[in-house]
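Notes to accompany the following structure.
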Amino acid sequence: MNKTAVLFIDLINDFTFHEGDLLLNNTRKILPNIKRLKQYAKERNYPIIYINDHYDTWETDFKQIAQTCLSSRNEDIIEQGMPNKEDYFIMKPQMSGFFRTPLRSLLEQLEISHLIIAGIAGNICVLFTANDAHMRGYTLHVPENCVASNTERHNQEAIKLMAEVFNAETKPI
């Protein structure tokens with residue numbers, strides 16, 4: 001079987017943008033599935049790689065980014081979206097986890113050929129990361145129950161696009 005890694009996209013988030021409250025609520029709905037996916041990965045010894053926006057901190061320390069994003073309304077999400085000590089963390093400057101990051105080098109070093117991608121927002125950062133992964137020859141699984149967007153319609157459109165165009169498996173974990 002292909003050597004697999006799990007990518008968690010933008011789980012450290014301040015949700016202070018247009019329709020941020022919608023994404024906040026939809027993210028809460030997938031948190032139990034994110035937790036289950038993380039456990040699934042740990043049981044199989046899959047590398048777990050968190051990829052996150054920097055929120056103008058330009059920090060590579062996820063704790064600093066989390067502190068910048070933390071508020072009373074997103075505390076539960078940030079707490080559950082933090083990497084563990086053994087996980088990898090990559091700060092990204094824009095939407096794709098591949099754009100101007102060391103992700104490709106890390107995946108090559110780990111000899112990864114298959115990616116499970118989860119996180120937010122499904123129709124933006126997850127979609128752009130999946131697109132770039134597909135263009136680089138990775139096979140993909142984007143579990144539909146581990147991805148959230150601002151609206152359900154946008155999420156379903158993104159999932160459908162990833163399945164049809166990138167040949168991503170989308171069955172739930």
Exercise. Can you list the steps and then say if H141 with I117 is a side chain to side chain contact (heavy atoms under 4.5 Å, CB included)?
Worked result: CA-CA 6 Å; H141 182 181; I117 304 176; over 6 Å; no

For this session: Given side chain to side chain contact (heavy atoms under 4.5 Å, CB included), test I30 with V147 step by step and report yes or no.
Result: CA-CA 7 Å; I30 66 165; V147 176; 5.6 Å; no

Exercise. Between Q80 and I34, is a side chain to side chain contact (heavy atoms under 4.5 Å, CB included) present by the stated rule, with each step listed?
Worked result: CA-CA 9 Å; Q80 294 181 60; I34 294 289; over 6 Å; no

Exercise. Could you go step by step and tell me if D87 and I49 meet the side chain to side chain contact (heavy atoms under 4.5 Å, CB included) rule?
Worked result: CA-CA 6 Å; D87 299 331; I49 305 166; over 6 Å; no

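At least one side-chain heavy atom of L70 sits less than 4.5 Å from a side-chain heavy atom of E75. By the 4.5 Å heavy-atom criterion applied to side chains, N123 and N155 are not counted as neighbours. Residues I77 and L11 fail the side-chain proximity criterion, which asks for heavy atoms closer than 4.5 Å. The side-chain heavy atoms of I173 and N33, taken from C-beta on, include no pair separated by under 4.5 Å. Contact annotation: the side chain of N13 approaches that of F17 to within less than 4.5 Å [non-hydrogen atoms, C-beta and beyond]. Taking the side chain as every heavy atom from C-beta outward, M135 and N131 approach each other to under 4.5 Å. Residues P93 and F99 meet the side-chain proximity criterion, which asks for heavy atoms closer than 4.5 Å. At a threshold of 4.5 Å between non-hydrogen side-chain atoms, the residues E157 and K160 do not count as touching.
N74 contributes a side-chain N or O that, together with a main-chain N or O of C69, makes up a donor-acceptor pair within less than 3.5 Å. A donor-acceptor pair under 3.5 Å links the side-chain atoms of T129 to the main chain of G97, judged by distance alone. Put simply, the side chain of N26 gets close to the backbone of S149: a donor and an acceptor are under 3.5 Å apart. No donor-acceptor pair closer than 3.5 Å links the side chain of N25 to the backbone N or O of L22.
Within a 6.0 Å radius of CD in E79, other residues, nucleotides and ligands contribute 12 heavy atoms or fewer. For CD of E19, the number of neighbouring non-hydrogen atoms (other residues, nucleotides, ligands) closer than 6.0 Å is greater than 12.
From E144, atom CD reaches atom CE of M162 across 10.5 Å, with rounding to the nearest 0.5 Å. With values rounded to the nearest 0.5 angstrom, L31 atom CG is found 10.0 Å from C146 atom SG. Atom OG1 of T170 is separated from atom CG of N167 by 10.5 Å, given to the nearest 0.5 angstrom. Here the CD1 atom belonging to I120 is positioned 10.0 Å from the CD1 atom belonging to I9, to the nearest 0.5 angstrom. Between the CZ atom of R28 and the CG atom of L23 there is a distance of 11.0 Å, given to the nearest 0.5 Å. Atom CD1 of I48 and atom CD1 of I116 lie 9.5 Å apart (nearest 0.5 Å).
Each ring pair (Phe, Tyr, Trp, His ring centres under 6.0 Å) pair with one or both residues in residues 50-70, not counting sequence neighbours, appears once here: F8-Y50, H54-W58, F62-F89. Pairs of residues two or more places apart, or lying in two chains, that qualify as salt bridge (Lys or Arg N to Asp or Glu O under 4.0 Å) and include a residue from residues 90-115 are D10-K92, D53-K92, R104-E108. Within the structure, the salt bridge (Lys or Arg N to Asp or Glu O under 4.0 Å) test picks out no pair touching residues 118-135 (sequence neighbours left out). Listed by first and then second residue, the ring pair (Phe, Tyr, Trp, His ring centres under 6.0 Å) pairs involving residues 116-135 are H134-F166 (not counting sequence neighbours).
Under the side-chain contact (heavy atoms from CB on, under 4.5 Å) criterion, E86 pairs with K42, N84, not counting sequence neighbours. Here F15 pairs with nothing under the ring-ring contact (aromatic ring centres under 6.0 Å, His included) rule; sequence neighbours left out. A search for salt bridge (Lys or Arg N to Asp or Glu O under 4.0 Å) contacts involving R136 returns nothing, not counting sequence neighbours. By the side-chain hydrogen bond (donor to acceptor under 3.5 Å, both in side chains) test, N145 pairs with no residue at all, sequence neighbours left out. Evaluation of the side-chain hydrogen bond (donor to acceptor under 3.5 Å, both in side chains) rule for T68 yields no partner, not counting sequence neighbours. Judged as a salt bridge (Lys or Arg N to Asp or Glu O under 4.0 Å), and not counting sequence neighbours, D14 has no contacts. In this structure Q64 satisfies the side-chain hydrogen bond (donor to acceptor under 3.5 Å, both in side chains) test with no other residue, sequence neighbours excluded. A search for salt bridge (Lys or Arg N to Asp or Glu O under 4.0 Å) contacts involving E43 returns nothing, not counting sequence neighbours.
Taking both residues in full, the closest heavy atoms of P47 and I112 are given as CG-CD1, 4.1 Å, listed atom of the first, atom of the second, then distance. The two residues Y88 and L110 make their nearest non-hydrogen contact at OH-CD2, 3.5 Å. Considering every non-hydrogen atom in both A118 and L37, the closest pair reads CB-CD2, 3.6 Å. Considering every non-hydrogen atom in both I12 and P83, the closest pair reads CD1-CD, 4.4 Å.
Tested against L115 for a side-chain contact (heavy atoms from CB on, under 4.5 Å), the candidates T139, V142, L107, V6 yield a single pass: L107.
A chain of hydrophobic side-chain contacts below 4.5 Å, direct or via other Ile, Leu, Val, Met, Phe, Trp or Tyr residues, connects L106 to Y138. Linking Ile, Leu, Val, Met, Phe, Trp and Tyr whenever their side-chain heavy atoms come within less than 4.5 Å leaves L103 and I124 in two separate clusters.
Taking the centre and axis of the six-membered ring of Y40, the NZ or CZ atom of R44 falls inside the cone set by 45° and 6.0 Å.
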